[in-house]
S.K.: 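Okay, handing you the structure first.
Note that the numbering runs from 1 along the sequence shown for the chain. In each ligand, atom 1 is the first atom listed, and ligand 1 is the first ligand listed. Atom set for the values below is all heavy atoms of this structure, side chains included, hydrogens, waters and symmetry mates excluded.
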Amino acid sequence: MSDNDTLAEFDFHGKALDTIFDDYAQMHESKPVGHSSKYGGFWYISKSEDIFDAEQDPETWSVGPSMLLPSFGTDMPLIPIDIDPPTHAGFRKLLLPMFTPMAINKLEPGMHTTAIELSDQVKSAFEDRDVVDVSALFARPYPTIIFSRLAGYPEEDWPLFDQWIDDIIYERTKSPEKAKAAGDDLVAYVQRLIDDGRAGKALDGITGELLNATIDGRPLTDDELVSYGYLLFLAGLDTTAWAIRSSLWYLARNKEAQALLRREPDRIMDAAEEFLRTLSPVQAMARTAKQDTTVRGQEIKAGERVVLVFGAGNRDPEIYDNPNEIDITRENNRHLAFGGGIHRCLGSNLGRKEVVISLEHFLATIPEFELAEDEPWHGVGPLRLRLTGGE
Ligand code: HEM
């Protein structure tokens with residue numbers, strides 16, 4: 001099969017992620033814009049510049065019917081991510097006060113406490129057994145618990161959230177029915193909270209704020225509130241869990257990097273940025289062409305699906321020296337892990353802080369570790385580690 005034949009079936013989910021960096025190298029070498037037959041057919045765009053341009057041009061590129069390809073276990077457009085201008089701005093604006101650096105700083109003491117508690121649990125687990133799955137014990141619970149606090153959901157329900165997200169995001173390409181069932185459960189859960197709030201129960205966090213918010217002089221409908229809730233679940237949990245897991249995956253294979261970050265924890269911030277660039281939780285997101293257009297000489301017709309491959313843009317040799325090298329001391333690291341234009345991630349301050357704080361406490365608590373099994377770099381599946389007896 002020639003290079004371009006491989007790219008003709010380019011995929012960015014599941015097992016395809018094992019070898020996706022080879023695909024990106026091929027794209028940058030010979031086919032920066034191309035067509036894949038997967039998921040009903042889509043064009044991919046891989047150059048950083050082209051992705052930023054598309055992000056800035058909602059006149060040409062719609063986020064409808066869904067930024068996700070294939071779409072999630074729901075038919076409703078998710079607010080604000082699946083909404084185009086001019087409606088998008090008002091919906092996004094309602095969330096802004098809850099995501100300012102000041103608002104996120106308020107969560108910080110709890111973020112430290114929880115990271116310390118979970119690191120201690122991992123430490124205790126290593127006292128009982130040789131091999132510990134730190135994805136299950138650390139990378140997944142941490143952002144799920146922090147998100148529950150921000151959203152105003154009961155913290156003890158986090159295992160439920162974790163399971164839904166797993167089914168919706170990771171099972172949807174294998175078992176759409178399972179994803180649909182989890183999506184229905186999630187909708188029912190959020191609806192119950194809204195009903196409680198409308199019946200007079202005080203609700204904390206984002207849920208409470210949105211219940212009292214107005215748009216164009218009217219309160220939000222139940223459907224809109226559910227849609228916000230659904231999107232925040234999808235946007236805020238597995239992304240950060242993936243970022244923490246993939247950072248630990250890298251560190252487990254690189255003892256010098258572990259030692260450097262333990263010795264100089266101030267470097268964790270730059271390291272986290274490099275993990276986000278090279279092992280991005282969101283490798284790609286979809287758009288639909290609103291009109292006939294051309295990207296790098298390739299004609300794309302109105303109505304065709306297009307995928308912005310953030311992961312490829314993040315390894316663009318025109319932007320980064322040694323793009324495929326993970327250099328935890330890299331500086332001025334402007335990447336696409338949080339997207340770019342009007343839909344740029346609202347949770348980037350929070351996501352970044354969660355990765356940095358969790359790594360800080362994990363490295364301060366757990367001595368030198370390595371992979372106990374050969375695990376993939378991607379996803380939020382198991383990450384089984386063992387201690388080496390070093391440091
Ligand atoms: C490391 C963690 C995270 C990564 C890598 C990430 C990545 C992304 C990406 C790629 C987008 C689409 C941007 C675009 O198309 O331009 C996005 C949108 C969004 N993210 Fe995140 N995200 C993370 C964490 C979070 C968290 C923790 C939250 C909230 C709890 C969050 C909330 C959102 C929202 C609300 C949007 C939609 C913004 C809009 O449509 O205007 N994200 N994120």
S.K.: Side chain or backbone, does L276 bring an N or O within less than 3.5 Å of an N or O on ligand 1?
M.R.: no

S.K.: Hey, looking at atom 34 (C) of ligand 1, which of L346, L237, N349, I146 has the closest heavy atom?
M.R.: L346

S.K.: How far is atom 29 (C) of ligand 1 from its nearest protein heavy atom, and which residue and atom is that?
M.R.: F99 CE2, 3.5 Å

S.K.: Report the part of R287 in contact with ligand 1, treating N, CA, C, O as backbone and CB onward as side chain, heavy atoms under 4.0 Å; options are side chain, backbone, both, neither.
M.R.: side chain

S.K.: What is the closest protein heavy atom to atom 16 (O) of ligand 1, and at what distance does it sit?
M.R.: E55 OE1, 2.7 Å

S.K.: Do R334 and F52 form a cation-pi contact, if we require the NZ or CZ to be under 6.0 Å from the six-membered ring centre and within 45 degrees of the ring's axis?
M.R.: yes

S.K.: Give the residue and atom name of whichever protein heavy atom lies nearest to atom 7 (C) of ligand 1, and the separation in Å to one decimal.
M.R.: A337 O, 3.4 Å

S.K.: Which bit of I81 is near ligand 1, meaning a heavy atom under 4.0 Å away: side chain, backbone, both or neither?
M.R.: both

S.K.: Atoms of ligand 1 less than 4.0 Å from H88 heavy atoms?
M.R.: 39 (C), 40 (O), 41 (O)

S.K.: Where is the nearest protein heavy atom to atom 23 (C) of ligand 1: which residue, which atom, and how far?
M.R.: T239 OG1, 3.5 Å

S.K.: Among all protein heavy atoms in this structure, tell me which lies nearest to atom 33 (C) of ligand 1, with the distance rounded to 0.1 Å.
M.R.: A235 CB, 3.6 Å

S.K.: So which bit of F310 gets within less than 4.0 Å of ligand 1, heavy atoms only: side chain, backbone, both or neither?
M.R.: side chain

S.K.: Given C345, S280, P80, which has its nearest heavy atom closest to atom 42 (N) of ligand 1?
M.R.: C345

S.K.: In terms of residue, atom name and distance, what is the protein heavy atom nearest to atom 4 (C) of ligand 1?
M.R.: F338 CE2, 3.5 Å

S.K.: Among all protein non-hydrogen atoms, which one is nearest to atom 35 (C) of ligand 1, and what is the separation to 0.1 Å?
M.R.: L231 CD1, 3.6 Å

